[in-house]
Amino acid sequence: MEAIRLFGINDELVEKYNCSLCGTEIKYTYEFKNKIYGCECIKKVTGHDVSYWIVENGKINVEATEKRERDRKGEMDEFEAKVLKNAWIVEFLEPFTQNNDFAYNLMDTLKQRPIEYLSERQISIIAEMYAKSSGKKGSKAYNEKYNQFYEMLK
Ligand SMILES: [Zn+2]
């Protein structure tokens, strides 16, 4: 990361710079291997998303930027881990989705997002479906299965 440097902000530069890759006149200029790039193209050339970099007084605060990158990665890992936890619910819903758009949409959301993206009502509908697989609504078996669903979400 140290190899890339914020060259300057074009407003402050006497000379105007164009991106070495796409040729557009650029506002935020980055230098990498003696060439100047804009923030989109520096991403392509180096693989670093500089729009997340923390710049102070024209210099990249490497420590703060790396911390933010780690935090972002941690948040993404947490998101993915939560989506993976939905696997058993997705599997349960799958047979209901053939002619049921409602069930299909619930399953589709759970395949891509943590369960918090569903409303409490939507979650309770899945809990009811799950409980009904064991017995009639209000029966002991139903109630146990209903509670078991919420236990498994923890
Ligand atoms: Zn460019």
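Residues take their numbers from the sequence shown, with the count starting at 1.
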So how far is it from [X] [atom1] to [Y] [atom2], rounded to the nearest 0.5 Å?
X: Lys137; Y: Lys132; atom1: NZ; atom2: NZ; answer: 6.0 Å
X: Ser20; Y: Lys33; atom1: OG; atom2: NZ; answer: 13.0 Å
X: Ile42; Y: Lys35; atom1: CD1; atom2: NZ; answer: 11.5 Å
X: Glu25; Y: Lys27; atom1: CD; atom2: NZ; answer: 10.5 Å
X: Tyr17; Y: Glu31; atom1: OH; atom2: CD; answer: 9.0 Å

Going through the distances and angles, do Tyr130 and Phe92 end up as a side chain to side chain contact (heavy atoms under 4.5 Å, CB included)? CA-CA 8 Å; Tyr130 189 70; Phe92 167 74; 3.8 Å; yes
If you compare all heavy atoms of [X] against all heavy atoms of [Y], which two are closest, and at what distance to 0.1 Å?
X: Phe96; Y: Ala103; answer: O-CB, 3.8 Å
X: Lys82; Y: Glu116; answer: NZ-OE2, 2.8 Å
X: Cys39; Y: Tyr30; answer: CB-CE1, 3.8 Å

Does the cation-pi check pass for Lys136 over Tyr142, that is, NZ or CZ under 6.0 Å from the six-membered ring centre and within 45° of its axis?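 Judged by the rule (NZ or CZ under 6.0 Å from the ring centre, within 45° of its axis), Lys136 is not positioned above Tyr142.
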same_hphob_cluster([X], [Y]) at 4.5 Å side-chain heavy-atom cutoff:
X: Trp88; Y: Met129; result: yes
X: Val83; Y: Leu93; result: no
X: Met152; Y: Ile126; result: yes
X: Tyr117; Y: Met107; result: no

Given Lys44 and Leu21, is the side chain to side chain contact (heavy atoms under 4.5 Å, CB included) satisfied, shown in steps? CA-CA 9 Å; Lys44 287 179 203 158; Leu21 193 67; 4.2 Å; yes
Could you tell me whether a side-chain N or O of Asp108 sits under 3.5 Å from a main-chain N or O of Tyr104, the two making a donor and an acceptor?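 Looks like no, no N/O pair under 3.5 Å.
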[X] side chain near [Y] side chain, heavy-atom distance below 4.5 Å:
X: Cys41; Y: Phe32; value: no
X: Lys145; Y: Ser133; value: yes
X: Arg121; Y: Ile125; value: yes
X: Lys73; Y: Met76; value: no
X: Ile36; Y: Asn18; value: no
X: Phe149; Y: Glu128; value: no

Assess whether atom CG of Asp77 is packed by more than 12 heavy atoms of other residues, nucleotides or ligands within 6.0 Å.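 Yes, the 6.0 Å shell around CG holds more than 12 heavy atoms from other groups.
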Mind running side chain to side chain contact (heavy atoms under 4.5 Å, CB included) on Glu91 and Glu94 for me, showing each step along the way? CA-CA 5 Å; Glu91 200 176 309; Glu94 222 278 320; 5.8 Å; no
Side chain to side chain contact (heavy atoms under 4.5 Å, CB included) between Ile26 and Tyr37: does it pass, once the steps are laid out? CA-CA 8 Å; Ile26 41 185; Tyr37 300 94; 5.6 Å; no
Presence of salt bridge, Lys43 and Glu40, under 4.0 angstrom: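 A salt bridge links Glu40 with Lys43.
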Given Ile89, Ile115, Leu118, the one that forms side chain to side chain contact (heavy atoms under 4.5 Å, CB included) with Leu106: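 Looking at Ile89, Ile115, Leu118, the match for Leu106 under the side chain to side chain contact (heavy atoms under 4.5 Å, CB included) is Leu118.
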